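Data first, discussion second: the structure below is written as structure tokens.
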2 protein chains.
Amino acid sequence: MHMMKDTSCDLAQCGLPVALEVMGERWSFMILRAAFNNVCHFEDFLTLLGIARNILSNRLARLVDHGILARDPCADDRRRVEYRLTAKGYDLLPAMLALRQWGEKWGSTLCPDQVLCDERDGQPIAPILIRAHDGRLLGVQDLVWRSQSEIAASRKAAETQVA
Amino acid sequence: MHMMKDTSCDLAQCGLPVALEVMGERWSFMILRAAFNNVCHFEDFLTLLGIARNILSNRLARLVDHGILARDPCADDRRRVEYRLTAKGYDLLPAMLALRQWGEKWGSTLCPDQVLCDERDGQPIAPILIRAHDGRLLGVQDLVWRSQSEIAASRKAAETQVA
DNA sequence: CGGTATCCACATGGATACTG
DNA sequence: CAGTATCCATGTGGATACCG
């Protein structure tokens, strides 16, 4: 594959450690999954996931700290608490689905009977893959690391050509 | 959002726990990231990631066990060992990039100077998002869980209409 | 070079009891 | 209902020494 080493995009400036600090652990994504299915109460997470109380408490607090979930009084019963996805939390849906699709593709025994679909035509969503800015599908062999300055230069060149 | 609870797509048939069993832990994705950058020797993983030897050894073995990396004698020096991504491993690229993009979008201090680009036009790849089978971008509000049988029925209906 | 073997510290996870 | 407190077992992670 052509992906050259991105030595200059070092770990200090890479988004992956940032993401893994919160999500790099078994339960975080499972809690997110439940939240995407409109689970929002402590006890519901508890019974659905089969997680220990203290761990759930800890993880919910961490997700709230990181701004992925919001902790608010319940709309109908103000004494109760509700955990809701924030915009930052919703933004993890592609990553969660990509993981899930991978698990379903390579986990031989699996046969999920519910599939995520486009409401408009009722058909399953596309596999989550890598695409160019114009939507073309890209394989690993089509990918290359470039610096911001290289990108700016070639964009400017393209614009000049058009003009 | 319209995503209804996918109670029947229960955790036993969900790909997410499968994926998290291997990847649901801080180092696995970091090792994968290095492997995607053509790091393939034990000592190189060690120094690049700053991981402990025993943990690296353990994680590499687990990734090999799960068929994500292949452990082979080095091409040039048969006494040395090489870790290479398998097809199953390469297939994790979208998930890894989705996580990384999320980290770079929401990790305020980050400013990666190297960006993954399409080799053909030299421009950055598109954000990894959810699309319909025809490539249309979908938001959370466009998504709905459906059973295999519902999907089959509506596809058959669509085909009949065409014919 | 690519590990194993140890040892230690701490985090994670489960179970149970208790609280407002 | 949504936690906290406690206890215990195991896992994770780092450091270091050693090995073929």
Side-chain angles (χ1 to χ4, degrees), chain A residues 11 16-35 37-66 68-85 89, chain B residues 11 16-35 37-66 68-85 89:
Chain A
L11 296 182
L16 193 57
V18 176
L20 293 177
E21 193 191 329
V22 215
M23 304 309 295
E25 171 265 337
R26 263 196 302 292
W27 289 116
S28 301
F29 267 113
M30 293 304 291
I31 292 170
L32 255 286
R33 186 197 117 103
N37 290 342
N38 295 320
V39 173
C40 60
H41 296 130
F42 189 90
E43 302 287 325
D44 293 335
F45 284 110
L46 200 69
T47 55
L48 178 67
L49 299 177
I51 183 177
R53 300 183 80 84
N54 51 351
I55 302 295
L56 177 60
S57 177
N58 181 297
R59 290 300 172 280
L60 286 174
R62 187 190 290 187
L63 289 167
V64 170
D65 280 347
H66 281 83
I68 291 166
L69 294 178
R71 185 183 190 278
D72 288 308
C74 216
D76 47 342
D77 179 356
R78 308 275 306 180
R79 296 166 312 178
R80 296 186 64 189
V81 172
E82 214 175 55
Y83 294 93
R84 291 274 171 212
L85 287 162
Chain B
L11 295 182
L16 192 58
V18 175
L20 294 177
E21 193 190 330
V22 216
M23 305 308 297
E25 171 265 338
R26 262 195 304 289
W27 289 116
S28 301
F29 266 113
M30 292 304 291
I31 292 170
L32 255 285
R33 186 199 116 104
N37 290 344
N38 295 319
V39 172
C40 61
H41 297 130
F42 189 90
E43 302 288 325
D44 293 336
F45 285 111
L46 200 67
T47 55
L48 177 67
L49 299 177
I51 182 177
R53 299 183 79 83
N54 51 353
I55 301 295
L56 176 60
S57 177
N58 181 297
R59 290 300 173 279
L60 285 174
R62 190 191 287 190
L63 289 167
V64 170
D65 280 347
H66 281 82
I68 290 167
L69 294 177
R71 186 184 189 279
D72 287 308
C74 217
D76 48 344
D77 180 355
R78 307 274 306 178
R79 295 167 312 178
R80 297 187 62 190
V81 172
E82 215 174 56
Y83 294 93
R84 291 274 171 212
L85 287 162

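Residue numbers begin at 1 in each chain, while the letters A, B, ... track the order of the sequences. Heavy-atom basis, side chains included; hydrogens, waters and symmetry copies ignored. Predicted model, so just to flag it, every value in this text is computed and none were measured.
One interatomic measurement links the two molecules: CZ of B:F42 to C1' of D:dC19, which rounds to 13 Å at whole-angstrom precision. Here the P atom of nucleotide D:dG20 and the CZ atom of B:R79 are 17 Å apart, to the nearest Å. Computed from coordinates, the A:L69 CG to D:dG3 P distance equals 12 Å when rounded to whole Å. A:R59 places its CZ atom 14 Å from the P atom of D:dT4, with the value rounded to the nearest Å. Atom CD1 in B:I55 sits roughly 12 Å away from atom P in C:dT4 (whole-Å rounding). For the pair B:L46 CG and C:dG3 P, the interatomic distance rounds to 11 Å; values are reported in whole Å. Atom-to-atom, CG of A:L20 to P of D:dG13 comes out at 11 Å; the value is rounded to the nearest Å. A:E25 has its CD atom 20 Å from the P atom of D:dT10, to the nearest Å.
Counting only heavy atoms from C-beta outward, the side chains of B:R84 and B:L69 never approach each other to under 4.5 Å. When side chains are defined from C-beta on, B:M30 does not count as touching B:I51, because their heavy atoms never get closer than 4.5 Å. The side-chain heavy atoms of A:N37 and A:L48, taken from C-beta on, include no pair separated by under 4.5 Å.
The two residues B:E82 and B:A75 make their nearest non-hydrogen contact at OE2-N, 3.8 Å. Nearest heavy-atom pair, A:D44 versus A:T47, reported as atom, atom and distance to 0.1 Å: O-OG1, 3.3 Å. Here the closest heavy-atom approach between residue A:F42 and residue A:L56 is recorded as O-CD2, 3.4 Å.
Axis orientation changes by 40° from one end of the helix from C:dC1-D:dG20 to C:dG20-D:dC1 to the other, with each end axis drawn from 5 pairs and the value rounded to 10°.
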Nucleotide N/O to protein N/O under 3.5 Å, stretch nucleotides 15-20 of chain C:
{"unit_1": "C:dA15", "atom_1": "N6", "unit_2": "A:N54", "atom_2": "ND2", "d": "3.0"}

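Remark: A:W27 is not in phosphate contact with C:dT12, judged by side-chain N or O atoms under 4.0 Å from OP1 or OP2. A sub-4.0 Å separation between OP1 or OP2 of C:dG3 and a side-chain N or O of B:R71 is present. Dashed line: the shortest gap from a side-chain N or O of A:S57 to OP1 or OP2 of D:dT4 is under 4.0 Å. Proximity of A:R26 to the phosphate of C:dA11: no side-chain N or O atom is located under 4.0 Å from OP1 or OP2.
Among the atoms of the strands shown, only primed sugar atoms or phosphate atoms (P, OP1, OP2) are found under 4.0 Å from some heavy atom of A:R62.
Residues meeting the salt bridge (charged side-chain N to carboxylate O under 4.0 Å, His left out) test with B:R59, sequence neighbours left out: B:E25.
Mapping B:I51 and A:E43 onto DNA chain D by nearest heavy atom places A:E43 closer to the 5' end of the strand.
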**Request:** Starting from the C-alpha separation in whole Å, work towards a yes-or-no answer on salt bridge (charged side-chain N to carboxylate O under 4.0 Å, His left out) for A:E43 and A:R80.
**Result:** CA-CA 11 Å; A:E43 302 287 325; A:R80 296 186 64 189; over 6 Å; no
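Summarising the geometry, atom CG belonging to B:L16 is positioned 12.0 Å from atom CD belonging to B:E21; distances are rounded to the nearest 0.5 Å.
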